[in-house]
Amino acid sequence: MSHRRPRRSGIAVLLPLAVLLGACGNPGDLESAGPATTAVGPARLWPDLPPASTPAYDYGEAETETVDGFALPRDDIRTLDPLAVLRAQAKQHPDTFTGPLALDEDTAKKITRCGSDDASGSDGSVGSDDGSGASGSDGSDGSDGSGGAGSRGCPVLKEQYRDLTGDGRDDLIIGIRLPDDQLAVRVFTHEGDELTQIMSTSDAVTGVELAGRDLVIRAVSGIPGYEYRTVWSWDRHQEAMLPTKDEFLRVDGAGGTPKSPAPRPPTASPAPGSTP
């Protein structure tokens with residue numbers, strides 16, 4: 001007698017048992033959808049085309065700048081007057097009207113008139129007890145801008161704070177209303193007494209959101225029912241906020257629910273001749 005006959009007999013017994021067990025499943029059990037399709041990698045078009053070595057446009061994504069003349073009491077960025085920060089930048093670039101650090105002349109003049117001379121100290125720190133900066137209602141009605149940041153008539157919105165760099169300390173987020181319904185957004189961080197701008201961008205903004213340590217900026221598109229959405233994230237290699245995700249989204253209704261993402265080139269700084 002062959003050794004293999006018992007093995008065949010065992011298989012013959014197991015097969016009917018397997019059929020019976022398979023028939024005992026519940027109607028709601030998972031079922032196979034069949035074999036998975038083979039993944040196909042992207043096909044490269046024009047493989048002999050030499051790769052570009054320089055960008056077509058300088059968007060200024062990683063441009064940073066140290067703002068001179070600031071001392072931070074208690075190593076706390078909340079003690080700074082945001083208006084003093086913007087005025088210091090304007091003094092550093094008095095003739096610059098394009099790029100991520102620029103302000104149009106009319107907006108720069110309004111910022112100069114925001115607040116009062118005795119509201120901040122000579123080092124740019126806020127004179128109030130809570131160190132939170134000037135406060136008031138949002139809005140800009142084209143008046144002389146006599147209020148502080150966030151007040152009616154001042155183009156600078158109420159300052160916001162969030163740890164965007166992950167060092168456990170708050171960073172300063174400033175919004176500036178510009179002509180033609182544009183909004184400039186600037187972010188500042190600090191190391192000791194050194195205050196550094198780590199992000200600057202402007203767009204026809206419909207909303208600014210914080211998602212964890214990311215800053216999300218939503219902007220109008222030229223196609224009805226769609227909007228741009230750019231996610232800015234801290235990059236420790238560049239030591240700057242970079243546009244790490246840029247999408248063109250379908251939005252439904254007034255709530256602006258995003259649908260169907262599609263990428264667009266980042267716009268960290270405006271085209272020459274425009275405001276930031």
Side-chain angles (χ1 to χ4, degrees), residues 42 52 54-67 70 72 75-78 80 82 85-86 89 99-102 133 156-178 182-192 194-221 226-251 255-271 274-276:
T54 57
Y57 304 100
D58 180 11
Y59 292 107
E61 298 99 329
E63 289 187 9
T64 62
E65 181 187 64
T66 299
V67 186
F70 286 90
L72 276 68
D75 197 32
D76 185 0
I77 203 168
R78 289 174 176 263
L80 292 183
V85 173
L86 296 177
Q89 284 193 306
L101 297 175
V156 182
L157 304 182
K158 185 73 175 70
E159 65 272 19
Q160 302 293 321
Y161 301 95
R162 175 66 65 96
D163 177 16
L164 298 176
T165 62
D167 63 359
R169 298 178 300 183
D170 281 335
D171 301 303
L172 171 63
I173 307 168
I174 297 178
I176 310 167
R177 294 184 185 274
L178 303 174
Q182 298 276 311
L183 180 73
V185 179
R186 298 183 182 183
V187 177
F188 300 84
T189 192
H190 70 97
E191 184 66 38
E194 188 173 275
L195 182 68
T196 304
Q197 179 179 276
I198 57 174
M199 172 187 161
S200 180
T201 188
S202 65
D203 212 331
V205 172
T206 61
V208 181
E209 303 165 355
L210 287 167
R213 294 207 308 267
D214 293 337
L215 193 63
V216 183
I217 297 181
R218 297 167 56 185
V220 175
S221 82
Y226 291 83
E227 72 174 15
Y228 293 113
R229 187 176 68 177
T230 305
V231 179
W232 292 79
S233 309
W234 171 253
D235 184 279
R236 62 183 180 86
H237 301 288
Q238 295 295 324
E239 296 186 338
M241 298 286 289
L242 300 182
T244 54
K245 189 175 184 181
D246 216 342
E247 299 175 317
F248 186 65
L249 302 174
R250 172 74 181 171
V251 291
T257 305
K259 301 285 184 181
S260 306
R264 71 156 182 166
T267 53
S269 62
S274 64
T275 58

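Position 1 is the first residue of the sequence, and the numbers go up from there.
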| Atom pair CD (E159) and CG (D170), whose distance is rounded to the nearest 0.5 Å |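 Spacing of CD (E159) from CG (D170) equals 11.5 Å.
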| message | I173 vs L164, test: side chain to side chain contact (heavy atoms under 4.5 Å, CB included). Steps then yes/no. | response | CA-CA 10 Å; I173 307 168; L164 298 176; 4.0 Å; yes
| said: Looking at every non-hydrogen atom in both residues, tell me the closest pair between G168 and D163 and how far apart they are. | reply: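 G168 and D163 have their closest heavy atoms at N-OD2, 2.9 Å.
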| Criterion side chain to side chain contact (heavy atoms under 4.5 Å, CB included) on W234 and I198, from CA distance to verdict | CA-CA 9 Å; W234 171 253; I198 57 174; 3.9 Å; yes
| query | Quick one: are D214 and T244 in side-chain contact, heavy atoms under 4.5 Å? | reply |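 Counting from C-beta outward, D214 and T244 never come under 4.5 Å.
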| message | Quick check: closest heavy atoms across T206 and A219, and the distance to 0.1 Å? | response |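 So the two residues come closest at OG1-N, 3.9 Å.
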| message | Check whether R162 reaches the backbone of G212 with its side chain - one donor and one acceptor, N or O, closer than 3.5 Å. | response |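 Present.
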| task | Could you tell me whether E227 and R229 have a side-chain N and a carboxylate O separated by less than 4.0 Å? | result |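 No salt bridge links E227 with R229.
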| field | For Q238 against D235, the heavy-atom pair lying closest together | value |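 Minimum heavy-atom contact is N-OD1, 2.8 Å.
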| Ignoring hydrogens and geometry, is there a side-chain-to-backbone donor-acceptor pair from D203 to V205 under 3.5 Å? |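 No.
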| said: Donor-acceptor check, side chain of S221 to backbone of Y228, threshold 3.5 angstrom: yes or no? | reply: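 Such a contact is absent between S221 side chain and Y228 backbone.
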| So, do L215 and L210 sit near enough that their side-chain heavy atoms are less than 4.5 Å apart? |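 Contact flag for L215/L210 side chains = yes.
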| request: Starting from the C-alpha separation in whole Å, work towards a yes-or-no answer on side chain to side chain contact (heavy atoms under 4.5 Å, CB included) for I77 and L195. | output: CA-CA 9 Å; I77 203 168; L195 182 68; 3.8 Å; yes
| request: Mind listing the closest non-hydrogen atom pair of V85 and V67 along with its distance? | output: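 Heavy atoms of V85 and V67 come nearest at O-CG1, 4.2 Å.
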| task | Could you tell me the separation between the CD atom of Q89 and the OG1 atom of T66, rounded to the nearest 0.5 Å? | result |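 Between atom CD of Q89 and atom OG1 of T66 there are 10.5 Å.
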| said: Rounded at 0.5 Å granularity, tell me how far OG1 in T64 sits from CE in M241. | reply: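 That separation rounds to 13.0 Å.
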| query | Given side chains that start at C-beta, do those of V185 and M199 come closer than 4.5 Å, heavy atoms only? | reply |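 Answer yes - side chains close enough.
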| Taking atom CZ of R186 and atom CG of L86, what is their separation to the nearest 0.5 Å? |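 R186 atom CZ to L86 atom CG measures 6.0 Å (nearest 0.5 Å).
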| message | Taking the basic N atoms (NZ, or NE/NH1/NH2) and the acidic carboxylate oxygens, is any pair closer than 4.0 Å for E191 and R169? | response |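 R169 and E191: salt-bridged.
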| field | Over all atoms of both residues, closest heavy-atom pair of S202 and A184 | value |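 That closest heavy-atom pairing would be CB-CA, 3.9 Å.
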| query | Between OG1 of T189 and CD of Q197, what distance do you get to the nearest 0.5 Å? | reply |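 So the OG1 of T189 and the CD of Q197 are separated by 12.0 Å.
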| For the residue pair Y226 and F248, does the interplanar ring angle fall in the parallel (under 30°), tilted (30 to 60°) or perpendicular (over 60°) class? |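 Because their plane-to-plane angle is under 30°, the rings of Y226 and F248 count as parallel.
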| Closest non-hydrogen atom pair between D171 and T165, with its separation |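 Closest pair (atom of D171, atom of T165, distance): OD2-N, 3.2 Å.
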| task | Quick one: do T201 and W232 satisfy side chain to side chain contact (heavy atoms under 4.5 Å, CB included)? Show the steps, please. | result | CA-CA 10 Å; T201 188; W232 292 79; 3.7 Å; yes
